[in-house]
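In what follows, a structure is listed as structure tokens, so that the remarks can point back to it.
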Amino acid sequence: MLNKIGLIGGGMIGGVLAQEVVSRRLARTVALVDIKPPDLAKGKCLDIAEGTPHIGSDVDYVAGKEFNVLDGCDLVINTAGVPRSVRPDGTFPTREELLKINLKITDDVSEGIRTFCKDALIVSIANPLDAIVYTLYRNLKPERNKILGMAGALDGARYRYFVAKAANVSVSNVQAMVLGGHGDTMVPIRSCCRIAGMPVTSFISEEELSSIEDRTRKAGGEVVGLLGSGSAFVSPAWSALSMVEAIAYDKQEIIPSCVLCQGEYGIDNLFVGVPTILGRNGMEKIIELDLTSEESAALQHSVSAVKTTCGEVDKMKG
Ligand code: APR
């Protein structure tokens with residue numbers, strides 16, 4: 001159990017995170033900050049707290065619109081951002097405009113972390129994932145083990161779910177890994193996909209696997225299309241919580257995370273999704289897998305997409 005987990009952003013994902021931290025008793029105290037008036041963060045936490053007698057959880061909360069609620073957190077999860085939604089005048093912001101807004105929010109988030117919990121481990125979920133993680137790093141310069149982006153945990157879970165359904169086996173029998181950037185260029189690693197230790201191709205045809213991998217790459221959009229407004233929120237929250245549990249219980253668990261690569265996979269100083277061991281220090285180790293030549297090429301392609309995004313951030317921030 002950690003002492004205090006901070007949640008930055010109390011929207012759809014932040015709300016599930018708060019509820020789960022309390023029900024799973026991952027910390028003595030959960031802190032929630034959200035700028036939304038009148039006081040979204042306090043409202044969400046009070047609602048959860050009033051239900052705790054039913055689940056017997058004594059996890060305490062502190063919440064509000066100011067970052068001081070994060071004082072002394074050991075770990076923070078960042079979901080602060082604005083989604084791409086229609087403006088009052090009926091137009092949509094461009095991708096650049098949206099990135100600019102979200103980078104400004106990330107600057108506020110960085111300032112909050114720097115002021116109130118500068119040594120906290122950071123797990124960031126907010127999109128565009130690769131750009132936000134990079135901006136947090138640029139602003140805060142934490143040790144590289146302390147800053148992790150949540151992408152592979154979710155993309156991998158989606159891949160595992162689709163494989164489990166196609167093979168008609170339990171999701172717990174399926175191991176799979178998705179690496180690279182958190183976007184269209186993500187790389188499902190077929191050579192790592194196993195069903196109860198057996199090669200996945202003994203259960204599912206290559207063709208079906210290809211379509212599963214394609215669906216995995218587009219899975220975020222599929223949910224957005226069905227919901228009508230907003231994006232996936234339960235699966236991203238649970239994915240981040242797998243990472244947090246690995247850290248809180250020092251599990252030394254292998255979960256792909258977006259971390260600063262310094263030479264691993266030939267990647268030079270860039271945040272990219274790679275297999276990591278997670279434990280009490282955050283990222284304990286990056287595992288370098290033997291990839292097939294196709295997978296290596298796909299990873300390098302994804303790395304160039306991430307590089308372009310980070311270049312955009314550098315240009316915007318000067
Ligand atoms: N400080 C604190 N909270 C902020 C700030 C800020 N500077 N700016 C925005 N927020 C809050 C918003 O008020 C909102 O409640 O962040 C919250 C974001 O919540 P939602 O819009 O409901 O978004 P959610 O579905 O939770 O997703 C959050 O994760 O997966 C990504 O693409 C998703 O970037 C998005 C993020």
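Counting starts at 1 for both ligands and their atoms, following the listed order. Predicted model, so just to flag it, every value in this text is computed and none were measured.
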Proximal atoms of ligand 1 relative to Ala80 (non-hydrogen, under 4.0 Å): 3 (N), 4 (C), 5 (C), 16 (O)

Partner of Ile8 under side-chain contact (heavy atoms from CB on, under 4.5 Å), picked from Thr79, Leu70, Ile122, is Leu70

Of Glu208, Glu206, Glu294, the residue whose pairing with Arg190 passes salt bridge (charged side-chain N to carboxylate O under 4.0 Å, His left out): Glu206

Hey, could you give me the CZ/OG1 distance between Arg25 and Thr52, rounded to the nearest 0.5 Å? 9.5 Å

Using a strict threshold of under 4.0 Å (side-chain N to carboxylate O), is an ion pair present between Arg138 and Asp314? yes

Short list, please: which atoms of ligand 1 are under 4.0 Å from a heavy atom of Phe67? 1 (N)

Considering only heavy atoms from C-beta outward, does the side chain of Lys317 approach that of Asn139 to under 4.5 Å? yes

Heavy-atom nearest neighbour in the protein, as seen from atom 19 (O) of ligand 1, with distance rounded to 0.1 Å: Gly11 CA, 3.3 Å

Within the structure provided, determine whether Arg160 and Arg158 are in side-chain contact (heavy-atom separation under 4.5 Å). no

Per-atom contacts, ligand 1 versus Asn127 - under 4.0 Å to a heavy atom: 30 (O), 31 (C), 32 (O), 33 (C), 34 (O), 35 (C)

Taking NZ, NE, NH1 and NH2 as the nitrogens, is one of them in Glu111 or Arg114 under 4.0 Å from a carboxylate oxygen of the other? yes

Among all protein heavy atoms in this structure, tell me which lies nearest to atom 15 (O) of ligand 1, with the distance rounded to 0.1 Å. Asp34 OD2, 2.6 Å

Closest non-hydrogen protein atom to atom 7 (N) of ligand 1, residue and atom name please, with distance? Ile105 CG2, 3.6 Å

Ligand-residue contact atoms, ligand 1 with Leu40, heavy atoms, under 4.0 Å: 15 (O)

Could an N or O of ligand 1 be found under 3.5 Å from any N or O of Ser231, whether backbone or side chain? no

Protein residue, atom and distance nearest to atom 2 (C) of ligand 1, heavy-atom basis: Ile35 N, 3.8 Å

Is the shortest heavy-atom distance from the side chain of Tyr265 to the side chain of Leu289 under 4.5 Å? yes

With only distance considered, is Val33 within less than 3.5 Å of ligand 1 through an N or O on each side? no

Please examine the side chains of Asp214 and Arg217, heavy atoms only from C-beta on, and report whether any two atoms are closer than 4.5 Å. yes

Find out whether Leu241 and Met243 are in side-chain contact, i.e. whether some heavy atom of one side chain is under 4.5 Å from a heavy atom of the other. no

Tell me which protein heavy atom sits closest to atom 28 (C) of ligand 1, plus the residue, atom name and distance to 0.1 Å. Thr79 O, 3.1 Å

Give yes or no for whether the N/O distance cutoff of 3.5 Å, strictly under, is met between Met12 and ligand 1. yes

Ligand 1 contact by Pro236, heavy-atom criterion under 4.0 angstrom: no

Counting from 1, what ligand 1 atoms have a heavy atom of Gly81 closer than 4.0 Å? 9 (C), 16 (O), 18 (C)

If the cut-off is 4.0 Å to any non-hydrogen atom of Lys36, which atoms of ligand 1 fall inside it? 13 (O)

Nearest protein heavy-atom contact for atom 21 (O) of ligand 1: which residue, which atom, what distance? Pro83 CD, 4.0 Å

Within the structure provided, determine whether Leu260 and Leu270 are in side-chain contact (heavy-atom separation under 4.5 Å). no

Among all protein heavy atoms, pick the one closest to atom 27 (O) of ligand 1 and tell me residue, atom and distance. Ile13 CD1, 3.5 Å

